[in-house]
Amino acid sequence: MKPIAIYLPQFHPIPENDEWWGKGFTEWTNVTKAKPLFKNHYQPHLPADLGFIDLRLAESRQAQVDLAKTYGIEGFCYYHYWFKGKKLLDRPFEDVLKTGQPDFPFCLFWANETWSRRWLGEEKEVLLKQEYSEDDDIKHAHYLLNAFKDKRYITVNGRPVFVIYKPNDLPNPAATVNTIKRIAIQHIGIEPLLIASNSHFTDAAKLFSFGFDEILNFRPQLGVLPNAFNTTISVKRFINNCISNRTLNGNLKIFDYGKALHLMSEVEPADFDNIIPMVFVGWDNSARRGNKGIIITNNTPEKFADEIIRVVDKMDNSKNNNGLLFINAWNEWAEGNHLEPDHKNGLAYLKVIKQVNEKFK
């Protein structure tokens, strides 16, 4: 088992976010505004050991790595925002690449989706559109070379790992995959390992037909939760929320962690052959979306441990599995999904990683 934690680089201001959301906006802006919306609703999630990190600081990035190493995380998978040559939130990763520090494995996860005011439920107001072209694929492939060449870059059998979040959004996925591989082979003599996330497209055969080498079994798969994306007030939801969560709210989508895991397991591949599994700490995006949020309750370190053990057992029983286990996430604070310590659980989730690592040595 090689635990790789998904890493959000949103914790520093950028001019675009200043314009769209207000001067000085970072992920912490949403996190600190969050309020509990029903009895025993855990909000806000506030950081403990590492504090309110600013990712422009090398000391902050090193502190994250020191903590991750202590508890058995073997690398970070940075979300990578590329919009037709324009990069956003790229400073933390670019600094890591340029300085060679911290000395910690990493890979990239292209979050190829259009940015809108979705956090506020306003899907139609586009902030930055994701557009594609053959020429842009070539430019993107050349940009990736410097990362792929870095000695810290995570590889499988010598092949640099690169994940695409929405492969089905690409107008010609096979061409994009071929371009990235071809240019890497031409210029650095290495074929990258291209991985398709199935977060929004679950047809494995189709994804493999595009030339992807493996599939990331993304979690949480919110689409399997009943009416999770329906933002209209529901009488049934109102009744369920009254009974289960003692709140007079027909809008909030509230799900139990154990039940959510069960629903997700029902659509999970039969084995993890050429599949990279993912587990998730929790989910609560009400810090971003308020009453339109999706909230998963009753997640505990113990249930998280049980899920990792189940997944690793399945990895061991799969014939063609590379041992990578992605964990969502290191620091998705505004989605209630973080390994970084908070005031409620402290180091508990990180201790789970260390304990499971020792169990499977």
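- Counting heavy atoms from C-beta outward, Glu332 and Tyr79 have side chains that approach closer than 4.5 Å.
- Heavy atoms only, all atoms of each residue included: Leu324 and Ile4 are closest at CD2-CG1, 4.1 Å.
- A distance of 4.5 Å separates CG in Leu128 from CZ in Phe83, rounded to the nearest 0.5 Å.
- Checking side-chain atoms of Asn357 against main-chain N and O of Gly72 turns up a donor-acceptor pair under 3.5 Å.
- For Lys139, the NZ atom is loosely surrounded, since the number of other residues' heavy atoms within 6.0 Å does not exceed 12.
- Taking the centre of each ring, Tyr257 and Phe280 come in below the 6.0 Å mark.
- Side-chain contact between His142 and His187: present, with at least one pair of heavy atoms (C-beta onward) separated by less than 4.5 Å.
- Between Asp135 and Lys84 no salt bridge is recorded (no basic side-chain N to carboxylate O distance below 4.0 Å).
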Between Glu268 and Lys314, does a side chain to side chain contact (heavy atoms under 4.5 Å, CB included) hold up when you go through it step by step?
CA-CA 11 Å; Glu268 186 175 273; Lys314 188 168 176 176; 2.7 Å; yes
Please determine whether side chain to side chain contact (heavy atoms under 4.5 Å, CB included) holds for the pair Leu350 and Trp330, giving the CA-CA distance in whole Å, both sets of side-chain angles, and the decisive distance to 0.1 Å.
CA-CA 10 Å; Leu350 282 169; Trp330 176 257; 3.7 Å; yes
Does the side chain to side chain contact (heavy atoms under 4.5 Å, CB included) test come out yes or no for Trp110 and Leu144, once each step is laid out?
CA-CA 11 Å; Trp110 182 21; Leu144 293 171; over 6 Å; no
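- Checked against a 6.0 Å centroid threshold, the rings of Phe93 and Phe106 count as neighbours.
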Is there a side chain to side chain donor-acceptor pair (under 3.5 Å) between Gln43 and Asp284 once you walk through the steps?
CA-CA 9 Å; Gln43 281 291 2; Asp284 181 351; 3.1 Å; yes
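- Using a 30° and 60° split on the angle between ring planes, Tyr78 and Tyr7 fall in the tilted class, from 30° to 60°.
- Within the cation-pi definition used here (under 6.0 Å to the ring centroid, within 45° of the axis), Lys206 does not qualify as a partner of Phe201.
- Between His338 and Trp333, the ring planes are parallel. Angles under 30° get that label, and only those over 60° would be called perpendicular.
- The closest side-chain heavy-atom distance from Lys181 to Asp213 is below 4.5 Å.
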Taking it one step at a time, do Asn345 and Tyr42 satisfy side chain to side chain donor-acceptor pair (under 3.5 Å)?
CA-CA 11 Å; Asn345 294 297; Tyr42 173 44; 5.6 Å; no
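- At most 12 non-hydrogen atoms from other residues, nucleotides or ligands lie less than 6.0 angstrom from CD of Glu134.
- Checked by atom type and distance alone, the side chain of Asn328 pairs as donor or acceptor with a backbone atom of Arg219 at under 3.5 Å.
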Verdict with reasoning, Arg152 to Asp150, per salt bridge (charged side-chain N to carboxylate O under 4.0 Å, His left out)
CA-CA 5 Å; Arg152 296 165 294 172; Asp150 193 287; 2.8 Å; yes
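- Asn240 CG to Asn227 CG: the interatomic distance, rounded to the nearest 0.5 Å, is 10.5 Å.
- In the model, Glu214 has a side-chain atom that pairs as donor or acceptor with a side-chain atom of Asn322 under 3.5 Å.
- With values rounded to the nearest 0.5 angstrom, Trp28 atom CH2 is found 8.5 Å from Leu46 atom CG.
- Side chain of Lys69 to main chain of Glu74: no donor-acceptor pair is present (N/O by atom type, distance under 3.5 Å, no hydrogens or angles).
- A salt bridge is defined here as a Lys NZ or Arg NE, NH1 or NH2 lying under 4.0 Å from an Asp or Glu carboxylate O, and Asp54 with Arg56 meets this definition.
- Ring geometry, Tyr143 versus Trp82: the interplanar angle falls from 30° to 60°, so the pair is classed tilted.
- A salt bridge is absent between Glu94 and Arg91: the closest approach of a Lys/Arg side-chain nitrogen to an acidic carboxylate oxygen does not fall below 4.0 angstrom.
- Residue Lys354 holds its NZ atom at 6.0 Å from OH of Tyr71, rounded to the nearest 0.5 Å.
- Salt-bridge check for Lys86 with Glu16: passed, with a basic side-chain N closer than 4.0 Å to an acidic carboxylate O.
- Between Phe212 and Phe210, the ring planes lie perpendicular to each other; the angle is over 60°, past the 30° to 60° tilted range.
- Atoms CG and CZ, on Asn30 and Arg289 in that order, are 12.0 Å from each other to the nearest 0.5 Å.
- With a 4.5 Å cut-off on side-chain heavy atoms, Asp306 and Arg310 do not count as touching.
- Surrounding NZ of Lys87 are more than 12 heavy atoms belonging to other residues, nucleotides or ligands, all under 6.0 Å away.
- For the pair Ile53 and Gln64, the minimum side-chain heavy-atom distance is below 4.5 Å.
- Using modelled atom types, one side-chain atom of Asp18 and one backbone atom of Gly24 make a donor-acceptor pair closer than 3.5 Å.
- Scanning both residues, Asp136 and Gly85, for their nearest heavy atoms gives OD1-N, 3.3 Å.
- Partner of Phe76 under the ring-ring contact (aromatic ring centres under 6.0 Å, His included) criterion, chosen from Phe104, Phe109, Tyr153, Phe326: Phe104.
- Considering only heavy atoms from C-beta on, Ile296 stays 4.5 Å or farther from Asn337 through its side chain.
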Test side chain to side chain contact (heavy atoms under 4.5 Å, CB included) on Lys253 and Leu225 and set out the steps.
CA-CA 9 Å; Lys253 283 80 67 178; Leu225 305 179; over 6 Å; no
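- Here the OG atom belonging to Ser60 is positioned 12.0 Å from the NE2 atom belonging to His12, to the nearest 0.5 angstrom.
- Side-chain contact between Pro102 and Val96: present, with at least one pair of heavy atoms (C-beta onward) separated by less than 4.5 Å.
- The closest donor-acceptor contact from the side chain of Asp271 to the backbone of Ser318 lies at 3.5 Å or more, if one exists at all.
- Although no hydrogens or angles enter the test, the distance criterion places no donor-acceptor pair under 3.5 Å between the side chain of His343 and the main chain of His45.
- Panel note: side chain Asn299, backbone Trp283; no donor-acceptor pair is recorded below 3.5 Å.
- Closest of all the heavy-atom pairs between Ser197 and Ser199 is OG-OG, 3.0 Å.
- Other residues, nucleotides and ligands contribute at most 12 non-hydrogen atoms within 6.0 Å of the NZ atom of Lys359.
- Side-chain atoms of Asn198 never come within 3.5 Å of backbone atoms of Asp203 as a donor-acceptor pair (strictly under, hydrogens ignored).
- At least one donor-acceptor pair closer than 3.5 Å links the side chain of Arg159 to the backbone N or O of Pro192.
- Taking 4.5 Å as the limit, every side-chain heavy atom of Val267 sits out of range of all side-chain heavy atoms of Thr202.
- Thr26 approaches Pro13 most closely through the heavy-atom pair CG2-N, 3.6 Å.
- The backbone N or O of Gly293 lies less than 3.5 Å from no partner atom in the side chain of Asn285, so there is not a single donor-acceptor pair.
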